[in-house]
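Just the heavy atoms: all of them, side chains too, but no hydrogens, waters or symmetry mates, feed the values below.
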Amino acid sequence: MARFYVNNRRDGARLLSSAVVIAGIGLVRIDHPAGQGIFAAASLLSLYWWQCYRQLKG
């Protein structure tokens with residue numbers, strides 16, 4: 001099964017940091033439904049990418 005992730009730590013860190021920044025943007029507007037959706041989606045993606053990042057070798 002193919003993963004929705006890259007095969008090296010440098011690009012993995014870039015993806016993870018981008019998702020965290022987008023989650024932060026959603027958190028700023030958590031009072032709006034769109035902000036809640038963005039925060040939820042980016043947070044779940046961040047958690048998934050964190051798990052994938054931890055499995056990559058040095």
Side-chain angles (χ1 to χ4, degrees):
M1 184 170 130
R3 293 185 320 170
F4 181 57
Y5 202 64
V6 295
N7 291 325
N8 62 62
R9 290 182 68 86
R10 182 187 65 193
D11 291 338
R14 288 178 184 167
L15 287 175
L16 183 57
S17 65
S18 296
V20 170
V21 167
I22 293 170
I25 291 169
L27 189 58
V28 168
R29 290 302 309 232
I30 199 74
D31 59 328
H32 192 276
Q36 293 170 1
I38 290 170
F39 176 71
S43 296
L44 291 174
L45 188 61
S46 295
L47 290 173
Y48 172 70
W49 280 349
W50 173 250
Q51 290 295 329
C52 291
Y53 181 79
R54 290 180 54 203
Q55 295 174 3
L56 292 175
K57 302 293 182 224

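- Of the possible polar contacts, one joining the Arg9 side chain to the Leu56 backbone as a donor-acceptor pair under 3.5 Å is found.
- Here Ser43 contributes atom OG and Ile38 contributes atom CD1; the two are 11.0 Å apart, rounded to the nearest 0.5 Å.
- Atoms CG and CD, on Leu27 and Gln36 in that order, are 11.0 Å from each other to the nearest 0.5 Å.
- With hydrophobic clusters built from ILVMFWY side chains whose heavy atoms lie under 4.5 angstrom apart, Leu45 shares a cluster with Trp50.
- The structure places CG of Leu47 at 9.5 Å from CG of Leu16, a figure rounded to the nearest 0.5 Å.
- For Ala42 against Ala19, the heavy-atom pair with the smallest separation is CB-O, 3.7 Å.
- Shown here for Ala23 and Phe39, the closest heavy-atom pair between the two residues is O-CD1, 3.3 Å.
- One hydrophobic cluster, built from ILVMFWY side chains closer than 4.5 Å, cannot hold both Ile22 and Trp49; they sit in different ones.
- Side-chain atoms of Tyr53 never come within 3.5 Å of backbone atoms of Ala13 as a donor-acceptor pair (strictly under, hydrogens ignored).
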